Amino acid sequence: MNILIINQYAGNRILGMVYRHYYLAKEWVKSGNKVMIIGGSFSHLRSQQPIANTEIIDGIEFRWIPVSTYKGSGFGRVKAMFDFVSKLWFNYKKYLGNFTPDVVISSSTYNFEIFPAKRIAQHYGAKLIYEVRDIWPLTPMELGGYSKHHPFIVVMQAAEDYCYRHANKVVSLLPNALEHMKERGMAENKFIYIPNGFDPEEWKDIPQVPPKVARVIGGLKKDGKFVIMYTGGHAISNALDFFLDAMKSLQDSNIVAVLIGKGQEKLRLIERVKNENIDNVIFLDSVSKKEIPAVLSLADSLYIGWKKNPLYKYGISPNKLFDYMMSGKPIIHSVAAPNDWVKDGKCGISVEAENADLLTKAIKEIAQLSPDTLDKMGKNGRQFCQSKFNYSFLADKFIQAIGK
């Protein structure tokens with residue numbers, strides 16, 4: 001089968017995020033399929049940008065459409081969206097070359113890619129699959145405060161409805177999105193739930209811990225500290241202020257939080273810790289994805305949190321949580337969503353989102369557990385993750401579902 005994936009923000013193990021389609025494609029190539037991924041030449045999510053217009057990585061052919069560079073989420077990003085969509089619409093034969101797709105997968109974030117994807121699928125007689133990673137335009141409305149009457153939102157809403165009507169199948173990363181999609185005109189039998197997952201190869205031949213991280217955490221452990229670690233984005237959606245609230249109330253304990261990563265909120269959070277004299281919180285620079293397994297191994301427990309947001313009633317599928325579970329460390333999860341894998345996997349303690357008091361109690365509780373209990377929780381998480389979220393299993397499920 002020839003599978004075409006259209007995702008402006010596509011990444012891979014060399015460029016960085018977004019990884020989902022790289023992982024799926026790698027499994028599909030192993031199974032004898034041919035896969036082409038078409039993405040934009042620039043993405044704010046990648047750690048580096050492609051150099052050539054065409055690249056072959058792990059048997060996957062990447063084609064990069066030139067788009068303008070940008071910063072933030074303003075006009076420049078919108079211009080890059082329309083660069084990508086318009087060039088693909090008018091020049092898809094140029095970008096596909098001799099590749100004849102049997103399946104065309106159009107993947108959000110935004111949903112304008114569906115229009116060239118539909119044109120390509122129609123031209124080649126291919127199946128059209130629409131994949132929803134975030135529900136747009138609901139996401140910018142809820143998180144960005146946009147009115148449903150905003151011209152950009154109106155156009156995006158029309159595109160979302162078009163996706164549900166014209167796709168042969170709709171793949172959702174969110175388990176509870178079906179009712180929303182039906183309300184927007186989708187037939188129920190189109191719905192397929194396939195979450196994110198993990199690549200087992202990333203947990204083999206784990207590299208050395210970055211020296212600075214090893215030095216800092218090694219010093220904390222030498223002083224008898226219980227280390228709770230957070231890795232990843234420092235954004236509003238990560239609800240890190242509530243984590244800092246909890247740590248502030250635990251300054252007289254032996255518990256220390258280490259936050260590793262970057263993001264728009266990081267400088268403000270560092271300033272807050274400084275101004276409020278919170279002495280049990282340490283910020284470190286981000287590390288590469290390949291270094292994450294080694295870094296997580298140094299923690300005693302791991303933290304992940306969410307804001308309370310109506311969007312999360314449809315479910316969550318965070319990549320960070322798979323790394324956490326695979327690390328074999330107990331997890332503290334501050335969440336308000338219908339799917340809670342920490343609770344289901346019995347691999348930590350879950351509390352409601354945005355509740356610093358409950359979060360404080362959970363941190364105290366997990367720090368007082370015996371090493372055997374902590375080890376048991378960690379093993380539960382790893383086993384739960386391996387049984388449900390291996391990308392080889394998810395890729396096979398994807399192919400079987402779209403073949404029906």
Side-chain angles (χ1 to χ4, degrees), residues 4-27 29 35-85 87-88 95 105-113 116 131-134 136 139-140 143 173 196-199 201-202 207 210 231-238 260-267 284-293 295 317-320 322-323 391:
L4 174 66
I5 301 171
I6 301 171
N7 174 12
Q8 180 180 340
Y9 306 124
N12 53 52
R13 63 176 173 81
I14 296 172
L15 302 179
M17 293 173 66
V18 174
Y19 297 105
R20 173 179 171 87
H21 296 124
Y22 162 72
Y23 291 138
L24 288 170
K26 192 167 66 162
E27 297 300 328
V29 168
V35 184
M36 176 183 287
I37 297 178
I38 293 183
S41 62
F42 177 86
S43 166
H44 62 291
L45 298 172
R46 301 185 195 122
S47 55
Q48 64 185 78
Q49 307 301 332
I51 299 173
N53 293 329
T54 301
E55 297 176 299
I56 306 291
I57 298 173
D58 295 326
I60 308 158
E61 185 169 3
F62 287 84
R63 296 283 177 93
W64 305 110
I65 295 178
V67 299
S68 55
T69 60
Y70 57 88
K71 291 183 179 179
S73 298
F75 175 76
R77 184 175 174 186
V78 174
K79 182 179 184 300
M81 290 181 190
F82 284 99
D83 281 349
F84 183 80
V85 170
K87 287 179 180 179
L88 186 57
Y95 293 114
I105 300 171
S106 174
S107 184
S108 58
T109 311
Y110 68 89
N111 41 33
F112 299 138
E113 294 173 353
E131 182 182 75
V132 178
R133 303 201 307 276
D134 295 305
W136 281 53
T139 296
L143 296 183
L173 279 71
N196 281 322
F198 78 99
D199 180 2
E201 292 183 12
E202 292 183 348
T231 60
H234 292 44
I236 292 174
S237 59
N238 302 119
I260 300 174
K262 59 184 179 180
Q264 293 180 338
E265 287 285 286
K266 183 165 184 173
L267 290 178
L284 296 176
D285 292 337
S286 60
V287 298
S288 68
K289 183 167 176 57
K290 68 180 181 180
E291 292 170 322
I292 285 291
V295 169
S317 188
N319 285 309
K320 188 195 328 292
F322 306 115
D323 288 335
Y391 262 117

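What you are looking at is a predicted structure, and each value in this text was computed from that prediction instead of being measured. All values below were derived from every heavy atom in this structure, side-chain atoms included, with hydrogens, water molecules and symmetry-related copies excluded.
Using a cut-off of 4.0 Å between Lys/Arg side-chain N and Asp/Glu carboxylate O, D199 and R13 are scored as not salt-bridged.
Other residues, nucleotides and ligands place more than 12 heavy atoms under 6.0 Å from the CG atom of L45. Residue-environment remark: CD1 (I51) stays at or below the threshold of 12 foreign heavy atoms within 6.0 Å.
In this structure, the side chains of L173 and E131 come closer than 4.5 Å at one or more pairs of heavy atoms. Looking only at side-chain heavy atoms (C-beta outward), E265 and N238 stay at 4.5 Å or farther from each other. You'll find the side chain of I14 stays beyond 4.5 Å of the side chain of R46, heavy atoms only. When side chains are defined from C-beta on, Y110 does not count as touching R77, because their heavy atoms never get closer than 4.5 Å. You'll find the side chain of F84 stays beyond 4.5 Å of the side chain of F112, heavy atoms only.
Panel note: side chain K87, backbone P66; a donor-acceptor pair is recorded below 3.5 Å. Remark: the backbone N or O of Q8 is paired with a side-chain donor or acceptor of E113 at under 3.5 angstrom. Within the 3.5 Å criterion, the main-chain N or O of K320 finds no donor-acceptor partner in the side chain of D323. Using a distance-only test at 3.5 Å, with no hydrogens or angles considered, a donor-acceptor pair links the side chain of Q49 to the main chain of S43. Using modelled atom types, no side-chain atom of N319 and backbone atom of N196 make a donor-acceptor pair closer than 3.5 Å. Between the T54 side chain and the R63 main chain, no donor and acceptor come within less than 3.5 Å of each other.
Taking both residues in full, the closest heavy atoms of I60 and V29 are given as CG1-CG2, 4.1 Å, listed atom of the first, atom of the second, then distance. Between E55 and P50, the closest heavy-atom pair is OE1-CB, 3.7 Å. Nearest heavy atom pair, residue V295 against residue P210, reads CG2-CD, 3.8 Å. The minimum heavy-atom distance between G76 and S68, with the atom names listed, is O-OG, 4.1 Å. Nearest heavy-atom pair across Y70 and H44 is OH-ND1, 2.7 Å. What you find for L15 and N12 is that their closest heavy atoms are N-OD1, 2.9 Å.
Annotation: cation-pi geometry satisfied between K289 and Y19 (NZ/CZ under 6.0 angstrom from ring centroid, within 45° of ring axis).
Atom CG of L88 is separated from atom CD1 of I6 by 5.0 Å, given to the nearest 0.5 angstrom. Taken from CD in E201 to OH in Y23, the straight-line distance is 10.0 Å, to the nearest 0.5 Å. Here R20 contributes atom CZ and I5 contributes atom CD1; the two are 9.5 Å apart, rounded to the nearest 0.5 Å. Expressed to the nearest 0.5 Å, how far OH of Y95 lies from CH2 of W64 amounts to 13.5 Å. In this structure, I38 CD1 and I65 CD1 are separated by 5.5 Å, a value rounded to the nearest 0.5 Å. Here T231 contributes atom OG1 and H234 contributes atom NE2; the two are 9.5 Å apart, rounded to the nearest 0.5 Å.
Separation of the F62 and Y22 ring centroids does not fall under the 6.0 Å cut-off. Between F322 and F198, the gap from one ring centroid to the other reaches at least 6.0 Å.
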CA sep, side-chain torsions, deciding dist, call: T109, R133, side chain to side chain contact (heavy atoms under 4.5 Å, CB included): CA-CA 6 Å; T109 311; R133 303 201 307 276; 3.3 Å; yes
